[in-house]
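Structure, as structure tokens:
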Amino acid sequence: MASFPVESEKPSGPTAFAPYLDTIANIFHPVAGPVLNTYGRFHGWKESMGLTQPGTVENLTREVSQVHLSNWSFDGARADVAKVVSANPAFQLTHSFSLGSTTRPPAYNFGAIFANAQTFLQGGVDGTGAVTMRANQTWAASDITKVQAQLTNKAGQSMLQVEHDHLGPHYTFSWKSMNPGVLDGTGIHIASLLHSFSPRLSLGFETVIQHPQPEILETATSYVAKLTSLPNAIANLTPTVPGQLAPFYPSWTATAQLQPSGNVQATYYQKLSDKVDVALDLQTIIQPASMLGPAKREALATLGAKYDFRMATFRGQVDSTGKIGMYLEQRFTPAFAFLVAGEIDHGKNASKFGVGIMIESSTMTQEEMIAAGMLTPV
């Protein structure tokens, strides 16, 4: 019976191209060798500094936005009804109803969400026929592509936005294009870079390129900085599982952004405990005299706090103009929540108030919901 040689039996001697490859390597070694050695030493020096992943410029003030009411406050009445069809992969249908003031007609939105470990898809359509979509694709731990779009029959309100985030070990580079022109490169493009220079300090920039027409090109660059507390400063405040290390949460984070117009935005966030967060935002408004109005030099400071109770979350906020606001989310059961939001503007002698409910239902059994982590075993 004939036998055939296997891969491991093939000779491993030098090939006919080996002399040529050695000649090319010897030619470029005097130049490439020092460069590679310098890069290796620089990389080792950065690793020895204990640098961390700083996050993205877009999420620079994410902790502050989770405390303040800009993303939570509403007026009138609203109702959100969600139905969980599947937990893995996640598939959910939502119905949202809102009834605002007399200047806004009642609104309805139907949405769907699909998500797994790499893909997130979200789509919706409202009562006017406007369609919105959002898609996130995680190619690797370091690369994420995001797409957002809106289609509507109103002129100038349809939109397409494409962005990509590259998360390096010590830096993040992001590129975003809104309504990009494939042939002429028109649109609004935003490039940002945030780099960690120490375990606590990160510096970066964000450049906005406005290219509405082929003959018009404008750029503006803002500079950002992020400073955090020492790592593991509040490890004792974080609940842990016996035998496992506590995750790291900075006890405080301070950020600053210098905009091209000269305005400055500074924020400060502190986690007082595992249930209490506070956040401060300071924005300056510097506007020279122009045809639009006289010169303006103002500042706005906003202080907010968030309290997490066992079945409720309360947010409160006050700013330097005399505006006071609050938002309460009270859960009576894991599937039913009652919302209350209010705001009083003493400077303008105005106020608004809102109430809402959130209802969640599922086609899964109680055992399936417990296995998916949606319910706590009793």
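- Val278 and Met326 fall within the same hydrophobic cluster, defined by Ile, Leu, Val, Met, Phe, Trp and Tyr side-chain heavy atoms under 4.5 Å apart, directly or through other members.
- Put simply, the side chain of Gln122 does not reach to within 4.5 Å of the side chain of Asn136, judged on heavy atoms.
- Here OG1 of Thr94 is found 13.0 Å from NZ of Lys83. Values are rounded to the nearest 0.5 Å.
- For the pair Arg78/Ser96, no side-chain contact is recorded, criterion being any heavy-atom separation below 4.5 Å from C-beta on.
- Residue Val85 is not grouped with residue Met358 when hydrophobic side chains (ILVMFWY) are merged at heavy-atom distances under 4.5 angstrom, including chains of intermediate members.
- Counting heavy atoms from C-beta on, the side chains of Thr172 and Gln53 come closer than 4.5 Å.
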Pair Ser229-Ser251, side-chain hydrogen bond (donor to acceptor under 3.5 Å, both in side chains): steps then yes or no: CA-CA 6 Å; Ser229 60; Ser251 62; 2.9 Å; yes
Should Val340 and Phe353 be marked as a side chain to side chain contact (heavy atoms under 4.5 Å, CB included) after you check the CA-CA gap, both sets of side-chain angles, and the distance that decides it? CA-CA 8 Å; Val340 180; Phe353 179 76; 3.8 Å; yes
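- Nearest heavy-atom pair, His68 versus Ala279, reported as atom, atom and distance to 0.1 Å: NE2-O, 3.1 Å.
- For Phe173, the CZ atom sits in a packed shell: over 12 heavy atoms of surrounding residues, nucleotides or ligands are nearer than 6.0 Å.
- Aromatic rings of Tyr223 and Phe205 (six-membered ring for Trp) have centroids beyond the 6.0 Å cut-off, not under it.
- Residues Thr119 and Gln137 have side chains that bring a donor and an acceptor to within less than 3.5 angstrom of each other.
- For the residue pair His346 and Gly322, the shortest heavy atom distance occurs at CD2-O, 2.9 Å.
- Distance NE2/His164 to OG1/Thr145: 4.5 Å, rounded to 0.5 Å.
- Of the possible donor and acceptor atoms, none in the side chain of Gln265 sits under 3.5 Å from a partner among the backbone N and O of Asp281.
- A 4.5 Å side-chain heavy-atom check between Glu163 and Gln148 finds at least one atom pair inside the cut-off.
- Between Glu360 and Arg331, at least one side-chain N (NZ, or NE/NH1/NH2) sits under 4.0 Å from a carboxylate O, which counts as a salt bridge.
- Residues Pro106 and Phe97 fail the side-chain proximity criterion, which asks for heavy atoms closer than 4.5 Å.
- The only option from Trp139, Trp175, Tyr171 that meets the side chain to side chain donor-acceptor pair (under 3.5 Å) definition with His166 turns out to be Tyr171.
- You'll find the side chain of Ser73 stays beyond 4.5 Å of the side chain of Arg315, heavy atoms only.
- No side-chain heavy atom of Thr255 sits less than 4.5 Å from a side-chain heavy atom of Tyr269.
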Can you list the steps and then say if Thr253 with Thr228 is a side-chain hydrogen bond (donor to acceptor under 3.5 Å, both in side chains)? CA-CA 4 Å; Thr253 301; Thr228 64; 5.8 Å; no
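- Annotation for Leu60 and Ala225: closest pair CD2-O, 4.5 Å, computed over non-hydrogen atoms.
- Annotation: the span from Asn263 atom CG to Ser222 atom OG amounts to 11.5 Å, rounded to 0.5 Å.
- Taken to the nearest 0.5 Å, the NZ atom of Lys226 stands 9.5 Å off from the OG1 atom of Thr267.
- Residues Val147 and Leu160 have side chains in contact (heavy-atom distance under 4.5 Å, counting atoms from C-beta outward).
- Between Ser320 and Ala299, the shortest heavy-atom distance links the atoms OG-O, 4.0 Å.
- In this structure, the separation between CG on Leu328 and OH on Tyr307 is 13.5 Å, given to the nearest 0.5 Å.
- Here the shortest heavy-atom pairing between Gly325 and Leu69 reads C-CD1, 3.4 Å.
- Hydrophobic clustering of Ile, Leu, Val, Met, Phe, Trp and Tyr side chains at less than 4.5 Å, counting indirect connections, keeps Val125 apart from Val81.
- In this structure, Thr152 contributes its side chain and Ala130 its backbone to no donor-acceptor pair below 3.5 Å.
- Aromatic ring pairs are classed by plane angle as parallel below 30°, tilted from 30° to 60° and perpendicular above 60°; the pair His170 and His195 is tilted.
- If you chain together hydrophobic residues whose side chains sit under 4.5 Å apart, Trp72 and Ile324 never meet in one group.
- Looking only at distances, no side-chain donor or acceptor of Thr138 sits under 3.5 Å from a matching main-chain atom of Ala140.
- Counting all heavy atoms, side chain and backbone alike, Phe74 lies closest to Gly356 at CZ-N, 4.0 Å.
- Ile209 and Ile216 fall into different hydrophobic clusters, where Ile, Leu, Val, Met, Phe, Trp and Tyr residues are linked whenever their side-chain heavy atoms come under 4.5 Å apart, directly or through other members.
- Rounded to the nearest 0.5 Å, atoms OG1 (Thr56) and CG (Leu167) are 7.5 Å apart.
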Determine whether Lys146 and Asp165 satisfy the following criterion, side chain to side chain contact (heavy atoms under 4.5 Å, CB included), listing intermediate values before the conclusion. CA-CA 8 Å; Lys146 306 174 184 178; Asp165 297 334; 3.3 Å; yes
Criterion side chain to side chain contact (heavy atoms under 4.5 Å, CB included) on Glu206 and Val224, from CA distance to verdict: CA-CA 8 Å; Glu206 182 178 71; Val224 299; 5.5 Å; no
Evaluate the criterion side chain to side chain contact (heavy atoms under 4.5 Å, CB included) for residue pair Phe309 and Met311; output intermediate values, then yes/no. CA-CA 6 Å; Phe309 303 97; Met311 294 289 289; over 6 Å; no
Show your working on side-chain hydrogen bond (donor to acceptor under 3.5 Å, both in side chains) between His211 and Thr186 and close with a plain yes or no. CA-CA 5 Å; His211 196 23; Thr186 56; over 6 Å; no
